[in-house]
Amino acid sequence: MAIEGPLKELHIHDVFQLLDLGRKTGVLRITSDLRNNSGTVYFEDGAVVGAEIESNPHKLGGLLLRSGKVSEEDLVRARTLQSSRPERLGELLVEIGAVSRRVLDRHIRAQVEEVIFELMSWSEGYFRFDEGDPGQTTAEATFRIAPESLLMEAARRIDEWSRIETKIPHLDVIPSLDPDQADSAAALDLVPFEWELLAAVDGSASARRLAAHVGSSEFDVAKTLFGLASAGIIVLKDGARHASGRAEGVGMFADQVDEQLESGDTAGAYLSAQDAVLACPHDADAYLLLGRGAMANGRPEEGLEAIERAFSMAGDSARGARLLGLALAGLGRFDEAQAAWGRWKAYKGKDSSELAWEATIDRLVNAARVLDNAVRGGGRGRGSP
């Protein structure tokens with residue numbers, strides 16, 4: 001039997017308590033349209049035995065590397081082995097002697113805890129718990145975490161958030177270096193993570209985007225930014241207010257994505273497109289931008305989903321048809337891609353920016369036709385005509 005509902009009616013902390021008290025076994029899934037993100041927590045008899053999040057800023061390899069437990073060379077060796085073997089990265093690191101089983105288990109537990117703390121910070125979204133065997137979890141170690149201990153730590157973080165929020169009321173704030181303190185920054189006694197975060201501050205990236213960039217939790221980034229702001233090293237501006245005051249809405253994000261794609265920064269373009277959706281969640285152009293950023297970052301399925309959502313919000317468009325064709329082609333659905341580009345060709349009154357794509361669309365249609373024929377031909381038997 002499934003238990004489900006919006007987080008506005010039943011907070012995620014209450015959901016954890018119910019599953020703990022009921023000694024439930026199954027899978028809890030949490031989705032957030034605001035964050036364009038989702039997470040999964042695995043329970044056995046009320047205890048947490050695994051967790052994952054779609055955006056996954058807490059990848060195991062990065063955690064081990066940042067803590068100094070493995071070297072970059074170790075990770076390269078393990079990932080090379082992983083390309084031809086089914087084992088998980090952690091298991092291969094143990095096999096090559098890069099890390100002990102005890103250290104690996106400790107970091108996997110920390111990884112799971114950070115995922116859960118991030119999910120517990122979501123106040124909007126939807127949850128669903130399906131009772132039954134949780135099956136194969138993503139964890140590489142066997143452990144059981146009592147929800148009570150997770151809730152206590154989450155409560156401590158909430159108390160700390162109340163202090164952080166005096167300077168960082170939300171994660172759309174944009175930090176920048178204080179020009180009056182720039183010359184003295186080198187003399188500061190900062191820990192490595194503070195230096196890493198400070199190096200990523202460019203005056204345009206939000207706190208949320210910085211968390212994704214450095215691969216750390218939103219809580220840890222906000223806490224560190226709070227300290228840097230309190231020390232006068234950085235200044236903070238309200239990115240959400242800045243975004244809502246723009247006449248063009250998604251325009252600034254589109255300019256950022258253009259610049260990042262031109263420079264080859266596909267990961268940055270993808271993050272900027274995500275920021276556009278967070279700032280303008282009801283603007284179809286934001287989802288078209290996310291579709292473009294996702295495809296450039298090698299995520300055609302996510303790109304297709306974002307573009308289809310834009311269509312459902314604002315109807316068809318020439319630009320949307322062009323991007324839809326690219327997303328479908330990236331998924332190998334060449335016949336559907338041809339149909340989408342056919343719709344693009346049929347549009348009347350395309351502006352100059354779209355008309356500039358005409359020769360490219362012709363080439364793409366021809367290429368999709370050839371690939372579609374090759375795929376269909378490849379499915380026949382060797383003796384087939």
Side-chain angles (χ1 to χ4, degrees), residues 1-20 22 24 26-43 48 50-58 111-131 134 137-138 145 147 150-151 153-155 157-158 161-162 164-165 168-173 206-209 211-212 216-222 239-240 243-244 270-271 273-284 286-287 290-291 293-294 299 301-302 305-306 308-310 312-313:
M1 178 179 176
I3 306 171
E4 58 186 320
L7 293 178
K8 287 183 178 179
E9 294 182 7
L10 188 63
H11 197 276
I12 189 64
H13 294 73
D14 299 323
V15 175
F16 269 73
Q17 284 185 322
L18 287 172
L19 298 178
D20 182 22
K24 294 294 186 180
V27 181
L28 173 66
R29 294 179 176 85
I30 307 155
T31 58
S32 168
D33 287 338
L34 174 64
R35 293 171 173 81
N36 192 31
N37 205 354
S38 63
T40 306
V41 185
Y42 303 90
F43 286 83
V48 173
E52 61 185 335
I53 192 169
E54 185 178 340
S55 60
N56 194 13
H58 320 290
Q111 179 189 32
V112 168
E113 289 175 343
E114 284 302 323
V115 167
I116 291 173
F117 293 142
E118 184 161 339
L119 293 174
M120 283 184 173
S121 71
W122 296 4
S123 57
E124 61 77 37
Y126 195 87
F127 76 89
R128 177 186 174 95
F129 178 78
D130 291 294
E131 194 167 1
T137 72
T138 58
I145 308 175
L150 294 170
L151 292 169
E153 173 61 16
R157 291 190 176 207
I158 290 173
W161 264 117
S162 64
I164 293 171
E165 285 175 345
I168 304 175
H170 51 76
L171 291 168
D172 290 319
V173 297
S206 65
R208 193 189 311 278
R209 184 177 164 197
S216 188
S217 69
E218 294 176 350
F219 174 80
D220 287 338
V221 167
S244 63
Y270 175 57
L271 291 172
Q274 287 181 313
D275 284 346
V277 171
L278 289 169
C280 311
H282 304 297
D283 192 327
Y287 288 93
L290 178 59
R299 301 168 182 260
E301 291 185 357
E302 183 177 344
E305 182 180 349
E308 289 179 335
R309 180 162 184 174
S312 69
M313 293 172 68

With side chains defined as the heavy atoms from C-beta onward, is the minimum distance between [X] and [Y] less than 4.5 Å?
X: Y126; Y: K8; value: no
X: V112; Y: E52; value: no
X: L150; Y: M120; value: yes
X: R29; Y: S38; value: no
X: H11; Y: D14; value: yes
X: V27; Y: V41; value: no
X: I3; Y: R128; value: no
X: I164; Y: F219; value: yes

Task: Sole candidate of T40, N37, I12, I53 that passes side-chain contact (heavy atoms from CB on, under 4.5 Å) when paired with I30 - done: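 That would be I12.
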For atom [atom1] of [X], decide whether the heavy atoms of other residues, nucleotides or ligands shown that lie under 6.0 angstrom number more than 12.
X: D33; atom1: CG; result: no
X: Q17; atom1: CD; result: yes
X: E165; atom1: CD; result: yes

Identify the two heavy atoms, one from [X] and one from [Y], that lie closest to each other, and give their separation to 0.1 Å.
X: A51; Y: V115; result: CB-CG1, 3.9 Å
X: A222; Y: I168; result: O-CD1, 3.2 Å
X: G291; Y: A306; result: N-CB, 3.7 Å
X: A286; Y: A276; result: CB-O, 3.8 Å

Task: Pair E131 + K24, salt bridge at N-O below 4.0 Å - done: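 The answer is yes: the pair qualifies as a salt bridge.
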Task: Salt-bridge present (R157, E114; N to O < 4.0 Å) - done: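 So R157 pairs with E114 through a salt bridge.
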Open item on the list: Between E4 and F129, is the side-chain contact (heavy atoms from CB on, under 4.5 Å) condition met? List the steps.
Closed with: CA-CA 6 Å; E4 58 186 320; F129 178 78; over 6 Å; no
Open item on the list: Return the OG1 to CD distance between T31 and E124, rounded to the nearest 0.5 Å.
Closed with: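 Separation between the atoms: 8.5 Å.
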- [ ] Working to the nearest 0.5 Å, report the span between CD of Q274 and CG of L290.
- [x]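 One finds 6.5 Å between CD of Q274 and CG of L290.
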Task: Pair Y287, E308: side-chain N/O donor-acceptor within cut-off below 3.5 Å - done: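 Judged by distance alone, the side chains do not pair up.
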Open item on the list: Going by ring pair (Phe, Tyr, Trp, His ring centres under 6.0 Å), name the residues that satisfy it together with F43, two or more places apart in sequence or in a different chain.
Closed with: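 By the ring pair (Phe, Tyr, Trp, His ring centres under 6.0 Å) rule, F43 matches F16.
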